[in-house]
Protein chains: 4
Amino acid sequence: MKALVYHGPGKKSWEEKPKPVVTIPTDAIVKISKTTICGTDLHIMKCDVATVTNGRILGHEGVGIIEEIGNAVSNFKKGDHVLISCITSCGKCEYCKKGMYSHCEKGGWILGNTIDGTQAEYVRIPHADNSLYPIPAGADEDTLVMLSDILPTGFECGVLNGQVKPGDTMAIVGSGPIGLATLLTAQFYTPAVILMIDMDDNRLQVAKTFGATNLININQEDAIKKVMELTEGKGVDVAVEAVGIPATFELCQSIIAPGGHIANIGVHGKKVDLHLETLWSHNITITTRLVDTVTTPMLFKNVLSHKLDPLKLITHHFKLDDIVHAYDVFGNAAREQALKVILEA
Amino acid sequence: MKALVYHGPGKKSWEEKPKPVVTIPTDAIVKISKTTICGTDLHIMKCDVATVTNGRILGHEGVGIIEEIGNAVSNFKKGDHVLISCITSCGKCEYCKKGMYSHCEKGGWILGNTIDGTQAEYVRIPHADNSLYPIPAGADEDTLVMLSDILPTGFECGVLNGQVKPGDTMAIVGSGPIGLATLLTAQFYTPAVILMIDMDDNRLQVAKTFGATNLININQEDAIKKVMELTEGKGVDVAVEAVGIPATFELCQSIIAPGGHIANIGVHGKKVDLHLETLWSHNITITTRLVDTVTTPMLFKNVLSHKLDPLKLITHHFKLDDIVHAYDVFGNAAREQALKVILEA
Amino acid sequence: MKALVYHGPGKKSWEEKPKPVVTIPTDAIVKISKTTICGTDLHIMKCDVATVTNGRILGHEGVGIIEEIGNAVSNFKKGDHVLISCITSCGKCEYCKKGMYSHCEKGGWILGNTIDGTQAEYVRIPHADNSLYPIPAGADEDTLVMLSDILPTGFECGVLNGQVKPGDTMAIVGSGPIGLATLLTAQFYTPAVILMIDMDDNRLQVAKTFGATNLININQEDAIKKVMELTEGKGVDVAVEAVGIPATFELCQSIIAPGGHIANIGVHGKKVDLHLETLWSHNITITTRLVDTVTTPMLFKNVLSHKLDPLKLITHHFKLDDIVHAYDVFGNAAREQALKVILEA
Amino acid sequence: MKALVYHGPGKKSWEEKPKPVVTIPTDAIVKISKTTICGTDLHIMKCDVATVTNGRILGHEGVGIIEEIGNAVSNFKKGDHVLISCITSCGKCEYCKKGMYSHCEKGGWILGNTIDGTQAEYVRIPHADNSLYPIPAGADEDTLVMLSDILPTGFECGVLNGQVKPGDTMAIVGSGPIGLATLLTAQFYTPAVILMIDMDDNRLQVAKTFGATNLININQEDAIKKVMELTEGKGVDVAVEAVGIPATFELCQSIIAPGGHIANIGVHGKKVDLHLETLWSHNITITTRLVDTVTTPMLFKNVLSHKLDPLKLITHHFKLDDIVHAYDVFGNAAREQALKVILEA
């Protein structure tokens, strides 16, 4: 079969690889129908993720059709259409029982990381019963690709951890795909005000069409001052960090109200300053999280009932064998005005 | 009347001051029966608390007897024995309605800070109905002085914010009075393991008699290594920071398990490093809090039903007019093996 | 002044009464601008509420202008426009401190019940600082009258107690004003499916325009069978009882899924059957609640930010002195297709 | 092998049955070391549980040693000592993923009910990875038998559902084994007052040694009056129903405070009256639950750290092949002063 293979810093190719086979009884082999590229894949290409080695097939998102199952798989059968979770969950370790699949002792984020991933014609999914979801006939599969990673990540790490409540004033720092996924799912809880903060006017305008109530371009105005004006000097109830650099985490600390929540989503490469000299008495909560995808079934329900429209996040379509080109486009997201891309087999 | 008055860095005296009077209808005047000295008072003496100015009567803890009430006070009458909360609460601002009395728009921590405090023969308590608690006849008043500040602080900032649960493994970093108050009240939730970490063997031994299951002296062993050995390499579910310096907050980050909670109690004078480069994916929660004293009524119940014995925290007794000496003893806590002192009028 | 006075079963009149005055320092006198009639007022007229005696001015909802304040009122001054909560809260008893204003030791539902109410030119509001809310200049006052009672009741007793979550399937039994208020505010949490169950086609059609996803007329189809068909035989996650009779509470028990929540809002006049012989093992939760109005500030925010449009609930307008006629219309709600009426001074 | 087999109303025998074998890859065969008899087994003997048919091996509790595993079992191997949960959990259905194992689509309470159980020399455990727990070397196995059912039932259905908090006043209605298990585990949350209500003085005295603070014998005094005296007329914060008849559920309704929780544990055979005519406005919560055994790992930790001593519940020991006699003793619990019995292979 063909697959997108990582060959060290900056190097990848669409090349022939052996088709995967069931190796333990809980495995399933899935024929990929649609997949996408994640910001994390770009980090891998820059060699930022040490666990990914030369020869690895990338990708941790997608939908497909069951090709083969191990003898302990009972939720699925050959021919079923399935959504692949970016997080593999065994369902029987201490962490899975607590709903913290991200730290599954035999899974977690392994696809396209420590085992071969979904940017290929076929993929082996370990612990298939707990790591795949059935797709009802007629569901839009482009839409569902957004449920593999980006929507549960925005929702769990940003919205749930931020404890967004009706009436809240929240700020989302970073209007890229993950910030926008947070924006879409934050509206499940009907905050009164959603401030979107970024430096790219195009992305801010997109945020407006997605439901942001106020836009702040940090290149054009003093974000802290603006937030304080809009909140009568109190700051925001929830600040979501959706970038992953010290400056944006610092901004969250400057705009958080007493009693507020800072929810970090960003993948950070270095330590940040935490201003306990002022925050020690501010009754705030800071959270971090690798997505657990425990909310995927709920997101499914809200997609099917038209309470959530993930299609908004998709800007480009490619054929799967044109994936190298798709990486170029997605890698120049600002210039290309790209959010998420769909790769179709 | 006589009172302990702050006169700038390192200077204080027990001197004559005018007896306070009711100034607004919600005030009460309380004749102090017993008070104590807080670690914060020592910080004030070192000039660490900018809001305290020359001439201020210190103290924010104590029990006493109502001497006079304003015409809008309805919960109390002259002669009632009362517990004074370290936090003044108006009961009618946005924060008080949310149970966040620490940030009361007209109160918060003001006693012995921005208004005169309890280390005196009389004190004026604003918003008396919401800032005082009735003491039943026959209750032990030494015990109750511990409910003005230290026990709710340990409980709310450490135990509640740390979300201590039955079966948890927790570490308390710092075995001073506040760490010990956390230790006493953590046991309300029956954690399986409580590790006490300090550098003073005497205080660690005290912790053992208070219920700590394991002691770690960081001057004698590698605390991180020891914690990991005791937790099968996972770390602790809850780490309480009860010191207030970068090194101890750093230690908490090194020993926290995935999914764990770091609850900061310490009063920090400078920023700390937050290691998001590793913690971003560890699903942890960090909290800060100035005590709200919302749990004082509950603590009262558990003291009266003998589920909590705060007397353990009291090591020294003085007459109120011997307070300058008491400051000396309390200021040399390690040498004097002092925890909390009682000053009796 | 003029007021609507209750004179025993079925008897009321718009008559002259003494203008109220400040009697304790925490009182305020409010000149009524707008008020409304509640279903509870109709119950009173039928003599169902034993605490209401001959000579009582009815009404517990409204907006108005501060006419006079006691010397302990600090949140308001003469001339302020205010929203009156149906629940009076002292802010300083055990229940108020827990946010359970409905059981305030000196308040609760007293307006138009044990003290004179809002269907008058003036009303005395005890504990004004905690029982009134400021209205910003320019806000629509018809809209805000809906925040005195009906919206917090639907939200707190139905939505919050029912623990409605994104993706849930919920049923609301009863499509009258309170069921519709539940429907409007349930959407703050974005359930996937909202089934509205009633016997009046007109009210069901109104529910559809308010956001119900499915309508069931129990006079035309088997409600239990229909719900089970729509939920793959599981039943609903949340069932809200918004009528107050045994049959509707029974229906809730028949359609609740394992793990589900039954939230009672209805005012019941007699006991009901609880089928523990089947429900004991179904992991369900049943709640009751008299509204606390703790969420009024949040509702205010969502009205001002256009996330909630209470105007939909208002079908009729009258002059305040035409209130006897308004009672007739509201008392024949089905025939008149009436939901809420506004009475304007 | 030998097993205790049900043969219709009142009939059982210790007889030869075929040794079970692995039938699906997720099964394990466990050689029973110790088991016990549950009150539910007595109900079965009276023909109260329609799902149990002639020929069924009874029993749903026990500890043992793994004899054989299916090829998809990965948490255990032959020779491992294991605790058997009374609830079988597949770990991969909708309910298991929500932690509601009691309603597992392929499991739930099936042992000694719809499949053969643990009162035998060997038992087949389906979904072994999720339905067994490893026992560390040296742990006391009598103690652990109490973790199969009775302790998680008391804790989850009574204590967790009742939301027992530090400082609470709670009542437990019924001082049999399940009420006593509730009493032991309620103390994890340090309520201030625990009232035990029963009609058997011996069981009440046992409750006192287990930590009850007040005893009420309903045959000797007016329970409602006594509870109201002890609670200043307010009633209790939490009432746990641990009997399963209308009278005891009625009592819970009469003693619950506004805002309180009634947690039903009892297995009810008929409907009960729910007094919504008074409770509709009392802000109460009523819960039902079949135990999920999600807290078994936590209970394990607290047993191993000596925070919980289940041995107190064991009054009698028998050899496994003396089980018919053991049923007689356990079936006359009051006369024999029996709580739980241990049957040893």
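Every chain is numbered from 1, with letters handed out A, B, ... down the list of sequences. Computed from a predicted model, the values in this text were never measured in an experiment.
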*Asks:* Within the side chain of C:D237, is there an N or O that forms a donor-acceptor pair under 3.5 Å with the backbone of C:M170?
*Replies:*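 No: the side chain of C:D237 does not pair with the backbone of C:M170.
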*Asks:* Would you say the side-chain atoms of C:T169 and C:T231 include a donor-acceptor pair closer than 3.5 Å?
*Replies:*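 No, no side-chain donor-acceptor pair sits under 3.5 Å.
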*Asks:* What part of A:T213 gets within 4.5 angstrom of chain C, counting heavy atoms only: side chain, backbone, both, or neither?
*Replies:*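 Interface part for A:T213: side chain.
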*Asks:* Name the region of C:P191, side chain, backbone, both or neither, that has any atom closer than 4.5 Å to a heavy atom of chain A.
*Replies:*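 Backbone only.
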*Asks:* Specify which of A:L299, A:T185, A:T190, A:D168 makes the most heavy-atom pairs with chain C at under 4.5 Å.
*Replies:*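 The answer is A:T190.
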*Asks:* Do C:E156 and C:T295 meet the criterion of a side-chain donor-acceptor pair at a distance under 3.5 Å?
*Replies:*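 Side chains of C:E156 and C:T295: pair found under 3.5 Å.
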*Asks:* Does C:L230 reach the side chain of C:K226, with side-chain heavy atoms less than 4.5 Å apart?
*Replies:*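 Yes; the side chains approach each other to less than 4.5 Å.
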